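Below is one structure; the comments refer to it alone.
Just so you know, these numbers use all the heavy atoms, side chains as well, and skip hydrogens, waters and symmetry mates. Since we're looking at a predicted model, the values are computed, not measured. To find a chain, count down the sequence lines: A is the first, B the second, and so on, and within it residues start at 1.
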Number of protein chains: 2
Amino acid sequence: MAQGLRAHGYKLTAQRLAVLQVMQEGNELLTPAEVLDRGRKIHSRLGMTTVYRTLELLRELGFVRRVHGAEGCRAYAQAREQDGHHLVCQACRRVVDFPCSGLNELIEQTARRTGFSVESHLLELAGLCPACQ
Amino acid sequence: MAQGLRAHGYKLTAQRLAVLQVMQEGNELLTPAEVLDRGRKIHSRLGMTTVYRTLELLRELGFVRRVHGAEGCRAYAQAREQDGHHLVCQACRRVVDFPCSGLNELIEQTARRTGFSVESHLLELAGLCPACQ
DNA sequence: TTCCAAATGAAAGGGTTTTTCAATTGGCCG
DNA sequence: CGGCCAATTGAAAAACCCTTTCATTTGGAA
Ligand SMILES: [Mn+2]
Ligand SMILES: [Mn+2]
Ligand SMILES: [Zn+2]
Ligand SMILES: [Zn+2]
């Protein structure tokens with residue numbers, strides 16, 4: 001996945017590798033402040049600005065996805081599934097991916113009924129993971 | 001809809017009526033700042049704090065819904081459809097509602113596969129309205 | 001009317017995100 | 001290998017957004 005950065009012409013800096021590692025290690029939802037905390041344990045010289053920039057970069061490359069849950073509106077989680085969505089545990093913030101399938105019918109029907117062209121969608125599920133139920 | 005406030009035991013203040021009217025008049029996405037601007041034309045003595053409080057109140061009562069679109073993460077739009085979702089025009093910010101049907105299968109399948117219990121979901125569509133296409 | 005809990009908003013507080021810009025550095029090239 | 005330079009970084013400041021506080025006002029019941 002670090003190779004993905006190279007492949008897109010981005011430099012492999014210690015800061016980016018630290019953020020990358022943080023996002024790959026856990027499977028919880030992480031705020032930028034939490035990514036900074038964890039990232040500094042890997043590379044002590046890491047600034048908040050870089051965390052913000054790197055998370056957005058990883059998002060553009062499809063390595064992480066942003067989550068707009070109840071728990072604040074800016075959080076990130078690893079994107080395991082290509083073109084998938086997140087299901088978040090409300091208790092422990094664990095995240096799992098699920099594939100985006102079964103939405104097409106709803107989207108097409110809505111487009112037909114409203115005359116809109118649908119360009120993108122945002123779907124998130126929240127609930128309780130097996131351990132927290 | 002003002003009656004809805006009364007029915008739930010809330011006072012009918014000029015401020016609440018102004019916010020209510022603003023949300024009912026247009027069919028665009030509105031940020032709290034925009035609601036304040038428009039609301040002040042109806043009731044000049046209206047504060048930002050009250051706008052925030054009233055929008056959240058109207059949301060709890062189901063009269064408006066919050067939208068987490070690309071265009072900032074806090075915006076509100078009138079909820080015409082009970083238990084529906086929003087489809088937003090990326091160009092002019094016009095909003096239409098659509099009913100939430102056809103998601104159950106996806107949700108149940110995801111719950112089964114992950115072991116999570118799904119308590120809530122967030123779904124938004126974005127695209128271009130007929131006029132903007 | 002009188003009365004009071006509910007409602008309001010100005011001001012202050014607090015946290016988050018972005019901008020700026022001088023210093024640093026990854027990686028290409030000779 | 002060095003040298004070079006555009007890309008990258010981060011400290012500081014600015015901008016932004018939202019919430020809390022609390023003295024004052026007010027809707028509506030009695
Ligand atoms: Mn999808
Ligand atoms: Mn729904
Ligand atoms: Zn859990
Ligand atoms: Zn439009």
Side-chain angles (χ1 to χ4, degrees), chain A residues 1-23 29-61 63-76 93, chain B residues 1-23 29-61 63-64 66-76:
Chain A
M1 196 161 113
Q3 298 318 311
L5 281 175
R6 300 293 302 278
H8 286 266
Y10 294 104
K11 290 186 180 176
L12 270 193
T13 67
Q15 288 90 341
R16 281 175 176 162
L17 290 174
V19 171
L20 210 46
Q21 185 180 331
V22 167
M23 295 309 294
L29 212 54
L30 293 175
T31 64
E34 289 166 336
V35 173
L36 178 66
D37 284 346
R38 298 187 184 198
R40 279 191 163 152
K41 289 172 187 156
I42 299 167
H43 177 74
S44 59
R45 212 154 82 275
L46 173 63
M48 185 56 108
T49 314
T50 296
V51 169
Y52 274 92
R53 288 192 283 228
T54 304
L55 286 172
E56 273 307 288
L57 176 60
L58 296 181
R59 189 187 56 71
E60 281 160 26
L61 297 180
F63 296 150
V64 304
R65 263 185 255 118
R66 191 170 159 186
V67 180
H68 298 249
E71 178 144 359
C73 240
R74 186 171 215 127
Y76 293 85
R93 314 204 303 162
Chain B
M1 196 162 113
Q3 298 317 312
L5 280 175
R6 301 292 304 277
H8 286 266
Y10 294 104
K11 290 186 181 176
L12 269 194
T13 67
Q15 288 89 341
R16 282 174 176 163
L17 290 175
V19 171
L20 210 45
Q21 185 181 331
V22 167
M23 295 308 294
L29 213 54
L30 293 175
T31 64
E34 290 167 334
V35 173
L36 178 66
D37 283 346
R38 298 187 183 198
R40 280 190 163 151
K41 290 172 186 159
I42 298 167
H43 177 74
S44 59
R45 209 152 85 277
L46 173 64
M48 185 57 109
T49 313
T50 297
V51 169
Y52 274 94
R53 287 192 284 228
T54 304
L55 286 172
E56 273 307 289
L57 177 60
L58 297 181
R59 190 187 56 73
E60 280 160 27
L61 298 180
F63 296 149
V64 304
R66 190 171 161 186
V67 181
H68 297 249
E71 177 142 3
C73 239
R74 184 175 302 234
Y76 293 85

Kindly say if B:R45 contacts the phosphate of D:dT26, meaning a side-chain N or O under 4.0 Å from OP1 or OP2. yes

Checking C:dG9, C:dT24, C:dG26 against the side chain of B:L46 (C-beta onward), the nearest is C:dG9

Here the gap from A:L55 atom CG to A:R53 atom CZ, rounded to the nearest 0.5 Å, amounts to 12.0 Å

In whole angstroms, the gap separating P of C:dG26 from CD of A:Q3 amounts to 16 Å

Q. Is any side-chain heavy atom of B:Q15 closer than 4.5 Å to a side-chain heavy atom of B:T54?
A. no

Q.
I want to check one thing: is the phosphate of C:dG9, taken as OP1 and OP2, less than 4.0 Å away from some side-chain N or O of B:Q15?
A. yes

Contacts of B:R40 and B:Y10 projected onto DNA chain C by closest heavy atom; the upstream (5') one is B:Y10

Rounded to whole Å, the CZ-C1' distance (A:R66 to C:dT17) equals 10 Å

### Message
Less than 4.0 angstrom between a side-chain N/O of B:T50 and OP1 or OP2 of C:dG9, yes or no?
### Response
yes

Note to self: Taking atom types as they are modelled, would you say the side chain of A:R16 forms a donor-acceptor pair with the base of C:dG26 within the 3.5 Å cutoff?
What the structure shows: no

Report the C-alpha distance between A:M23 and A:M1 in whole Å, list the side-chain angles of each, state the deciding distance to 0.1 Å, and finish with yes or no for side chain to side chain contact (heavy atoms under 4.5 Å, CB included).
CA-CA 11 Å; A:M23 295 309 294; A:M1 196 161 113; 5.6 Å; no

*asked:* Using OP1 and OP2 only, check whether a side-chain N or O of A:T13 sits under 4.0 Å from D:dT9.
replied: yes

Atom CG of A:L55 and atom C1' of C:dT18 are separated, to the nearest Å, by 15 Å

B:L12 CG to C:dA6 P, in whole Å, measures 16 Å

Between the CE atom in A:M48 and the CG atom in A:D37, the distance rounded to the nearest 0.5 Å is 8.0 Å

- Message: OP1 or OP2 of D:dT19 versus the side-chain N and O atoms of B:R74: is any pair under 4.0 Å?
- Response: yes

In whole angstroms, the gap separating P of C:dG27 from NE2 of A:H8 amounts to 16 Å

From NE2 of B:H68 across to P of D:dC18 the rounded distance in Å is 11 Å

Result for 5'-nearest mapping on DNA chain D, choosing between B:Y52 and B:R6, is B:Y52

Are the side chains of A:Y10 and A:L57 in contact, using a 4.5 Å heavy-atom criterion?
yes

note: B:L36, atom CG; D:dC16, atom P; distance rounded to Å ~ 16 Å

Discussion item. Could you check whether the side chain of B:R53 and the base of C:dG9 have a donor-acceptor pair of N or O atoms closer than 3.5 Å, going by distance alone?
Written reply: yes

To the nearest angstrom, the CG-P distance between A:L5 and D:dT9 comes to 10 Å

Contact class for B:T49 (heavy atom, under 4.0 Å): base, sugar-phosphate, or nothing? base

